[in-house]
Engineer: 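This is the structure, below, for whatever I ask next.
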Amino acid sequence: MTAPVLLWLRRELRLTDNPALRAALATGRPVIPVFVLDDETPGAWAPGGASRWWLHHSLAALGADLVRLGAPLVLRRGRLDFEIARLVAETGAVEVHAGTPTEPWARAAYRTVIDAIAPVKLRCTMTALLHHPDEIRTQAGTPYGVFTPFGRAVRAHGPIALPEPAPADIPGGAAVASDDLESWGLLPAAPDWAGGLRTAWSPGEAGAQARLREFVAEGLDQYRARRDLPGTDGTSRLSPFFAWGEISPRQVWHSSAACEKFRDEVLWREFAAHLLWHNPTLPDAPLRAEFAAMPWRDDQAGLRAWQRGQTGIPIVDAGMRQLWHTGWMHNRVRMIVASFLVKHLMLPWQLGEAWFWDTLVDADLAQNAASWQWVAGSGADAAPYFRVFNPVLQGRKFDPDGAYVRRYVPELALLPDSVVHAPWEAPALVREAAGIRLGATYPAPVVELAAGRDRALQAFAALRKVA
DNA sequence: AGCCTCTTGCA
DNA sequence: GCAAGAGGC
């Protein structure tokens, strides 16, 4: 019998346009697909709670698809290098095919896998990005640090390869023992907090394809006009499918030719991944060194109010509650809540990054780190330090009828549009008529907005002076 | 991918 | 009295 190859799937949980799968099939050998759950090697960046919920359903869907195609998915739990080496030994595999890792911890781990399986080779193919980060560089040969020229360079780099269809069948190898997915305990049990996630999402490749089709058919032409309005269904909501590689950026790119504004968002994703590639400490340390001296505050109560959506600022609380209940937050609101944490509360962006990592179904190391640093002002192409989002003005501008706030902060539902984003501005009689008592039925603001803004501007200005 | 203040133009 | 645009932070 022909010796098999392993197809090690990690964050490319799809059959459509999966170059690693294609490379494995091209060997002409039986293919044994494997997924290894390793909660040790990633350290702080092991998947968070919401990501684990998603992963469970994604693996269940992929497993069913792979059975149908003839190559059942093998699940193992343990250190990546041990488990891949063990599987090579068990199966007599002559090669291991995988997606090119993009996270710094994974890039290091794959080097230990290479040592552990030698002389069997690990063959990596880029599955997560349009281009390998080394392909996109400035004339001077340096990585791009500003989005606009980066995007221009990607667009000028040549046509994006067309997506490959899923194979009709996969020649499987001899049977290999697999863990039972249920035994991994990826789903929350006591308490089961995933009710809102189940309502909001259909994880897995079929769900990804359905969502893409629906967005292209019904949302793409309105994207530019509605993308910033959190009360509407104006964004693609593809991010969680991207996070586990249930859809490929090439497929999304080629499906969205009718809207360059949306393609820009695909390129922002690409930009963040390239930034992390070239700056491995991006998730932990400010890219601009002078930000290490930022006098962040220590405020457990403020952090907790932010996490729970109890800051007393309606649009912030709506966003944080949307995140808690659905595992996702509208992008416009992500910028608002992040700015509020980092600037008005002056809490370190790493605390927000960690909370998002645990609660987002689309948690992605590069996107999360690059975006938090962008808001904090410490990242590449960052928002200037003096750019402080005013959550009341943002709310009035992007949620003018308060639909979003009312949906996620129902205790404010009866307030008139004019004050729904600033209940403290409402005359006492208006608040009373709406059933609101500040500090009782809804929190008083944890920080006075003008004072918080001034405090942040002063701290950031001092930082700039030092630099 | 901001906010604020000031100015201008018009009612 | 205000909306809209310019320019500084």
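In the text below, chain A, chain B and the rest are named by the order of the sequence lines, each starting its count at 1.
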Engineer: Without decimals, in angstroms, what is the distance between A/W374 CH2 and B/dG2 P?
Structural biologist: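 Atom-to-atom, A/W374 to B/dG2, this comes out as 5 Å.
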Engineer: Sequence neighbours excluded, which residues qualify as side-chain contact (heavy atoms from CB on, under 4.5 Å) partners of A/N18?
Structural biologist: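 side-chain contact (heavy atoms from CB on, under 4.5 Å) list for A/N18, sorted by chain: A/L9, A/E12, A/R14, A/A20, A/L21, A/T127.
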Engineer: I'd like a table of donor-acceptor pairs (distance under 3.5 Å, sequence neighbours excluded) in which one partner is a side-chain atom from residues 451-459 of chain A, with atom names and distances.
Structural biologist:
from   : atom 1 : to     : atom 2 : distance (Å)
A/R455 : NH2    : A/H344 : O      : 2.8

Engineer: Listed in order of residue number, which residues of residues 390-398 of chain A have a non-hydrogen atom at under 4.0 Å from DNA chain B?
Structural biologist: A/N390, A/L393, A/Q394
Engineer: Let me see the working for A/F389 and A/F340 under side chain to side chain contact (heavy atoms under 4.5 Å, CB included), right down to the final yes or no.
Structural biologist: CA-CA 7 Å; A/F389 284 66; A/F340 185 78; over 6 Å; no
Engineer: Would you mind listing every ring-ring contact (aromatic ring centres under 6.0 Å, His included) that reaches into residues 137-161 of chain A, with sequence neighbours excluded?
Structural biologist: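 Residue pairs with at least one partner in residues 137-161 of chain A: A/H131-A/H157, A/F147-A/W268, A/F147-A/F271, A/F150-A/F271, A/F150-A/H274.
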Engineer: Round to the nearest Å and state the distance from A/Q458 atom CD to B/dC3 atom P.
Structural biologist: 19 Å
Engineer: Between A/R453 (CZ) and C/dC9 (P), how many Å, whole number?
Structural biologist: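 One finds 13 Å between P of C/dC9 and CZ of A/R453, rounded.
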Engineer: Distance-only check: which donor-acceptor pairs under 3.5 Å involve side-chain atoms of residues 305-313 of chain A, not counting sequence neighbours?
Structural biologist:
from   : atom 1 : to     : atom 2 : distance (Å)
A/W306 : NE1    : A/V337 : O      : 3.1
A/T311 : OG1    : A/I313 : N      : 3.1
A/T311 : OG1    : A/D317 : OD1    : 2.7

Engineer: Let me know the distance between CG of A/D381 and C1' of B/dG2, rounded to the nearest Å.
Structural biologist: 15 Å
Engineer: How would you list, by chain and number, every residue that makes a ring pair (Phe, Tyr, Trp, His ring centres under 6.0 Å) with A/W324, sequence neighbours excluded?
Structural biologist: A/W355
Engineer: Between A/D454 (CG) and B/dC3 (P), how many Å, whole number?
Structural biologist: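 These atoms are roughly 14 Å apart.
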Engineer: Return the value, rounded to whole Å, for the distance between atom NE2 of A/H344 and atom P of B/dC3.
Structural biologist: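 From A/H344 NE2 to B/dC3 P: 9 Å.
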Engineer: Rounded to whole angstrom units, what separation is found between the CZ atom of A/F389 and the P atom of B/dC3?
Structural biologist: 7 Å
Engineer: Using whole Å, report how far CG of A/L449 lies from P of B/dC4.
Structural biologist: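 Atom CG in A/L449 sits about 10 Å away from atom P in B/dC4.
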